[in-house]
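What follows is one structure encoded as structure tokens, with my remarks underneath.
Treat the numbers as computed from the prediction; the structure is a model and nothing was measured. Residue numbers start from 1 in every chain, and the chains themselves are labelled A, B, ... in the order their sequence lines are given, proteins ahead of strands.
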2 protein chains.
Amino acid sequence: MLPELKIQQLRYVITVVDEGGFNAAAKRVHRTQPALSMAVRELEQRLGQDIFERGGKSQLTPFGQFCLPRFRELLGQHDRVVKDVVGQADGRQGHVHIATVPSVASRIMPPLLADFIERFPDLTISLHDENAHYVCQMVAQGEVDLGITSLWQSDDDLDYTHLFEDKVGVVCHRSHPLASRSSIDWQSLQGEKLIRNGTSRLLMGTEASELVENSAFYISNMISLIAMLEAGAGVTTLPQLAFPEHNANLCFIPLQEPDVVRRIGLVKASNRTLAPAAQIMEGFLLERLKDEPE
Amino acid sequence: MLPELKIQQLRYVITVVDEGGFNAAAKRVHRTQPALSMAVRELEQRLGQDIFERGGKSQLTPFGQFCLPRFRELLGQHDRVVKDVVGQADGRQGHVHIATVPSVASRIMPPLLADFIERFPDLTISLHDENAHYVCQMVAQGEVDLGITSLWQSDDDLDYTHLFEDKVGVVCHRSHPLASRSSIDWQSLQGEKLIRNGTSRLLMGTEASELVENSAFYISNMISLIAMLEAGAGVTTLPQLAFPEHNANLCFIPLQEPDVVRRIGLVKASNRTLAPAAQIMEGFLLERLKDEPE
DNA sequence: CCACCCCATAAGGATTACTTATCTTTCAAT
DNA sequence: ATTGAAAGATAAGTAATCCTTATGGGGTGG
């Protein structure tokens, strides 16, 4: 019932006004003069009123004067929307939400993100750190675009791309008898006071699982765990990345037998398309982290 | 360089979202489902990003979620502009500026405009009263859309349509010797103290012109003129419409010889198209005033 | 497993948009 | 006046677009 304006017609009208004539306007929009004449006429017919004075020099009718500011405003908003949308579409602008496990957040991401924001200065980033389970949950629920974590469990809603492996080792005080060893097997740990933590599940299903089952302590908080170890109150196992790199009192000894690794990968929702900015981030992370063990 | 959105595509996208699917949306916009599929796909290709999730149930991608509110806003403004513009185009809405000589403004226009605003309640009107010369000038300069006046002088910029004639007569105090006459010729006025006014030029070029030339008084203000006449200070000539209808002290005697009339007509700018609302007004005035002497 | 619903794809036709070529008007210069 | 240049209108042919009918494929629920 109501007619529908075409953005192009509006642009033609406005250009004719601004350039002062159909010929000049035609050049400006890279069309021929008849194209504009006909397009404008078609618009006039649909509205039932002339926009330009018939005889003479492309002057606006009163009706045209009424229309012009509205056309300008509409066209202005159109162009603004296009700019925003294509900026978003080609990944120049946007915001990426990432969730990772704490060790990755603190050891891997900082230099990586510093490079990223230099290469894509108009993209902004949020980085959450959560445990592996909650990272997957955030990705699945769409709270974040991407997760970097070990896979909690296979999940049809999640799309996992392996990035690198993280060796599990034993962490103890440097005065501990085991501290001088360059590698350890699980039997050597029998009799040690083993403190479990959130990553201990990695040992389940290996020869070392009974160590975990017999452990009486569980500490989830990393700060508390470190403090316990620094007090010489026991030993624990950690993936290497989760071991505080520059700690002067603790040492990390790779576990040889069994050879346990934490598989770290990029996780995204399988049933959802990534936002353009997140696609950029995905490519960047794959390029920088794929098969690089640290 | 930047792509150009089409209003219709935006409407399709929004309808698909609101209706929850392509089929339902197609019904709503009276198109077939493939038409929407293809139109949306074409938009997606031009933006380089999908708006709807590919597999599944017409869900928005994150990019689509980004676009949607902007599309809605743009479409909303479009529809608003269309509504305004067509309302203006078909004369439902608008404002008409009219200028008339004072006699027409006070004697002709009031009942006429009362009818008009009843028939066209969404149209608003400005009515200026000025002397004949200035009415023409306002029309020529575009300050008003229409003028109702006698033509000051033939003017190529003005388009004159005759409406009716207004007989000139002599106005004097009812106690004046001439007051009982039913008509007067110019000789009868010789020796009378004639007060000139703005309409006296109507007598120029007739046998009565020497009366005007010999007149010593000129009063432009109608109130002052009436006061002078009521004081019995002389006589004057006025078109009948300019004579205050219900004045108890003055009387109007038609001038027979010469038979002078003021030609009243509708004036508009010849080189400009009337605004739609003004076209409505023009038609109304012609219908109501054409050849009706009062 | 089948039927159904929904969207995607393909092919053909109708409409719309644009181009080149030509005409008309206007304004100005001589 | 006559002519020339410039601007817009018109006409016809072509390219692009939009939409339709017909059909294919992938899920979901009975």
Any protein N or O atoms within reach of nucleotides 26-28 of chain D? Criterion: under 3.5 Å, listing atom names and distances.
none

Salt bridge or not for [X] and [Y], using N-O below 4.0 Å?
{"X": "K268(B)", "Y": "E282(B)", "result": "yes"}
{"X": "K6(B)", "Y": "E4(A)", "result": "no"}
{"X": "R288(B)", "Y": "D115(B)", "result": "yes"}

Output the rounded distance in Å from [atom1] ([X]) to [atom2] ([N]).
{"X": "E53(B)", "N": "dA8(C)", "atom1": "CD", "atom2": "P", "value": "12 Å"}
{"X": "Q59(A)", "N": "dT26(C)", "atom1": "CD", "atom2": "P", "value": "15 Å"}
{"X": "K6(A)", "N": "dC18(C)", "atom1": "NZ", "atom2": "C1'", "value": "13 Å"}
{"X": "Q8(B)", "N": "dT16(C)", "atom1": "CD", "atom2": "C1'", "value": "12 Å"}

Residues 60-76 of chain B side chain polar contacts: donor-acceptor under 3.5 Å, at least two apart:
residue	atom	partner	partner atom	Å
T61(B)	OG1	D50(B)	O	2.8
T61(B)	OG1	I51(B)	O	3.1
T61(B)	OG1	F63(B)	N	3.4
T61(B)	OG1	G64(B)	N	2.9
R70(B)	NE	F66(B)	O	3.0
R70(B)	NH1	D84(A)	OD2	3.0
R72(B)	NH1	D18(B)	OD1	3.4
R72(B)	NH1	D18(B)	OD2	3.2
R72(B)	NH2	D18(B)	OD1	2.8

For S150(B), the option from R262(B), R201(B), H133(B) that meets side chain to side chain donor-acceptor pair (under 3.5 Å):
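Single pass found, and it is R201(B).
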Residue of the set Q49(B), E44(B), E42(B) for which side chain to side chain donor-acceptor pair (under 3.5 Å) holds with R46(B)
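Of the listed options, the one satisfying the test is E42(B).
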Passes side-chain contact (heavy atoms from CB on, under 4.5 Å), M109(A) versus L127(A)? Steps please.
CA-CA 9 Å; M109(A) 299 309 285; L127(A) 179 62; 4.0 Å; yes
May I have the step-by-step check of side-chain contact (heavy atoms from CB on, under 4.5 Å) for I148(B) and V267(B), ending in yes or no?
CA-CA 6 Å; I148(B) 304 177; V267(B) 174; over 6 Å; no
What ring-ring contact (aromatic ring centres under 6.0 Å, His included) pairs are there with at least one residue in residues 3-54 of chain A, not counting sequence neighbours?
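Qualifying pairs: F22(A)-F52(A).
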Which residue pairs pass the ring-ring contact (aromatic ring centres under 6.0 Å, His included) test with at least one member in residues 77-104 of chain A, sequence neighbours excluded?
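Found H95(A)-H97(A).
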Expected output is a numbered-order residue list: members of residues 9-33 of chain A with a heavy atom under 4.0 Å from any atom of DNA chain D. What is it?
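The stretch gives G21(A), F22(A), N23(A), Q33(A) as the residues lying under 4.0 Å from the strand, ordered by number.
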Contact list for DNA chain D against residues 34-46 of chain B - heavy-atom distance below 4.0 Å:
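Output list: P34(B), A35(B), M38(B).
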Tell me the closest heavy-atom pair linking T199(A) and P239(A), and the distance in Å.
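Looks like OG1-CD, 3.5 Å.
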Presence of R54(A) side-chain N/O under 4.0 Å of dG8(D) phosphate oxygens OP1/OP2
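Negative; the distance criterion is not met.
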